Amino acid sequence: MIDNAPVGEAALAGPPLPPPSLRLGVDKAALAANWKALDRLSGSARAGAAVKADCYGLGAATCVPVLRDAGCETFFVAHWSEVPDVIAHVPGAQVAVLHGVSNQAECAYARAVGAVPVINSVEQAALWSTTGGGRCHLMLDTGINRLGIAPGEAGDTAIGGLAVDLLMSHLASADENTAMNRMQAELLGEAADAIPHQRLSLANSAGIALGNRFTLDVTRPGLALYGGVPREELADVIRPVVRVAAQVLQCRQLAPGDGVGYNSAFIANSHMRVGTVSMGYADGFLRGRGPGNALWHEARRLPILGKVSMDMVVVDLTTAPDLAAGDWLEVPWNIADAAQQNALSPYEMLTVLGARLRRI
Ligand SMILES: *Cc1c(COP(=O)(O)O)cnc(C)c1O
């Protein structure tokens with residue numbers, strides 16, 4: 001079943017919106033199946049879910065309830081600003097904030113809403129304790145050098161004073177077979193002996209495929225939930241989740257010499273019929289998807305002509321003379337293929353999905 005993202009609050013305030021000319025479909029059954037598959041692959045560990053960045057661009061309001069109903073009980077966001085959109089859907093579950101606490105306001109907010117900070121430094125540990133303490137997670141940096149305490153800080157009194165639920169670290173290269181993975185797991189294991197904690201967590205999506213040395217107590221998949229395949233081992237397990245479709249706004253007849261779009265980057269060399277489609281780079285259909293790429297109507301490939309505009313793109317309708325304004329075209333969002341075409345990572349392919357697309 002493909003469900004479209006719900007209509008935003010702004011729309012509810014006025015008269016009902018007319019139907020959109022662009023659709024982001026989230027295959028909820030595939031999303032649920034992906035979480036269950038990753039939970040199963042996590043072995044004796046439970047899978048949580050990374051739902052930061054509005055569920056990697058797919059919309060928290062759409063995805064979080066599906067993950068909750070599938071059985072997920074631990075949700076990770078990056079910013080405090082992301083908490084309300086998640087916590088509203090998961091009463092009783094745990095929402096963790098990866099950036100941790102940097103000031104009193106964040107500590108107060110965390111306690112008021114019952115979200116759990118991931119403490120990332122000795123300073124954050126001291127701040128959390130002096131403002132009242134309570135359950136938290138603790139990030140140990142084992143080599144990615146972004147956030148987290150150093151292994152040498154494990155014995156610090158500020159760290160010793162924390163009530164740590166998840167003692168966690170993050171793999172830098174889980175999508176590769178590198179000695180660094182094992183080294184990071186070993187550093188986390190050593191810190192686990194020194195720091196009192198409830199549970200251990202290390203693996204992201206790719207880390208789950210590395211096996212039970214990495215899955216520990218709680219895993220934190222993100223990308224693979226939403227259809228990304230970071231390692232071959234997951235290729236047969238993960239189902240695509242995203243479906244994007246855009247409507248033809250207008251069909252036009254070109255004569256030889258006519259240019260299409262900004263800078264006339266395409267020039268017709270014969271009479272041809274083209275269609276202007278309601279999708280542009282503001283929707284995440286970046287300019288890298290210009291010539292050489294295509295939209296589809298059923299099995300018919302409709303090459304893109306000229307530059308992608310902010311809200312529109314023009315396609316060649318030579319193979320589809322029957323198409324008219326109002327017809328829907330499929331916008332390929334096969335993350336792996338599209339990532340190659342755009343020279344973007346699969347993570348970027350998801351997170352560039354435009355805010356406009358999510359709202360409609
Ligand atoms: C984003 C993130 C994840 C999820 O990673 P994926 O590669 O998308 O599965 C897990 N843990 C942390 C700390 C993260 O920042």
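FYI, the numbering just counts along the sequence from 1. Remember, it's 1-based here, ligands and their atoms both numbered in the order they're listed. Since the structure is predicted, the reported quantities are computational estimates derived from the model, not experimental observations.
The residue from P346, G48, S205 that puts a heavy atom closest to atom 9 (O) of ligand 1 is S205. Here the shortest heavy-atom distance to atom 7 (O) of ligand 1, taken over Y347, F76, Y226, belongs to Y347.
Considering backbone and side-chain N/O of G222, one or more are found under 3.5 Å from N/O of ligand 1.
Considering only non-hydrogen protein atoms, atom 5 (O) of ligand 1 sits nearest to N204 CB, 3.3 Å. From the protein, the heavy atom lying nearest to atom 14 (C) of ligand 1 is K52 NZ, 2.9 Å. The protein non-hydrogen atom at the shortest distance from atom 11 (N) of ligand 1 is R220 NE, 2.9 Å. The single protein non-hydrogen atom nearest to atom 8 (O) of ligand 1 is Y56 OH, 2.6 Å, given as residue, atom name and distance.
A salt bridge does not link R252 to D258: none of the charged side-chain nitrogens sits closer than 4.0 Å to a carboxylate oxygen. Salt bridge present: D39 and R46 bring a charged side-chain N and a carboxylate O closer than 4.0 Å. A salt bridge between K28 and D69 is absent, with no side-chain N of the basic residue lying under 4.0 Å from a carboxylate O of the acidic one.
Judged by distance alone, the side chain of N120 and the main-chain N or O of L98 form a donor-acceptor pair under 3.5 Å. No donor-acceptor pair under 3.5 Å is formed between the side chain of S278 and the backbone N or O of L22.
Linking ILVMFWY residues whenever their side-chain heavy atoms come closer than 4.5 Å, directly or via other members, places L357 and V352 in the same cluster.
Ligand 1 places these atoms under 4.0 Å from at least one heavy atom of L98: 13 (C), 14 (C), 15 (O). The R146 neighbourhood of ligand 1 comprises atoms 15 (O), with distances under 4.0 Å to a heavy atom of that residue. Residue L223 has at least one heavy-atom neighbour below 4.0 Å for each of these atoms of ligand 1: 6 (P), 8 (O), 9 (O). Ligand-side atoms of ligand 1 in range of A50: 4 (C), range being under 4.0 angstrom from any heavy atom. Atoms of ligand 1 found under 4.0 Å from any heavy atom of P221 (numbered from 1 in listed order, with element): 9 (O).
Under the 6.0 Å distance and 45° angle rule, R68 does not count as a cation-pi partner of W35. In this structure, R23 forms no cation-pi arrangement with W333, as its terminal cationic atom is not both closer than 6.0 Å to the ring centre and no more than 45° off the ring axis.
Taking the six-membered ring where the residue is Trp, H137 and F76 present tilted rings, their angle falling between 30° and 60°.
Not close to ligand 1: H137, with no non-hydrogen atom less than 4.0 angstrom away.
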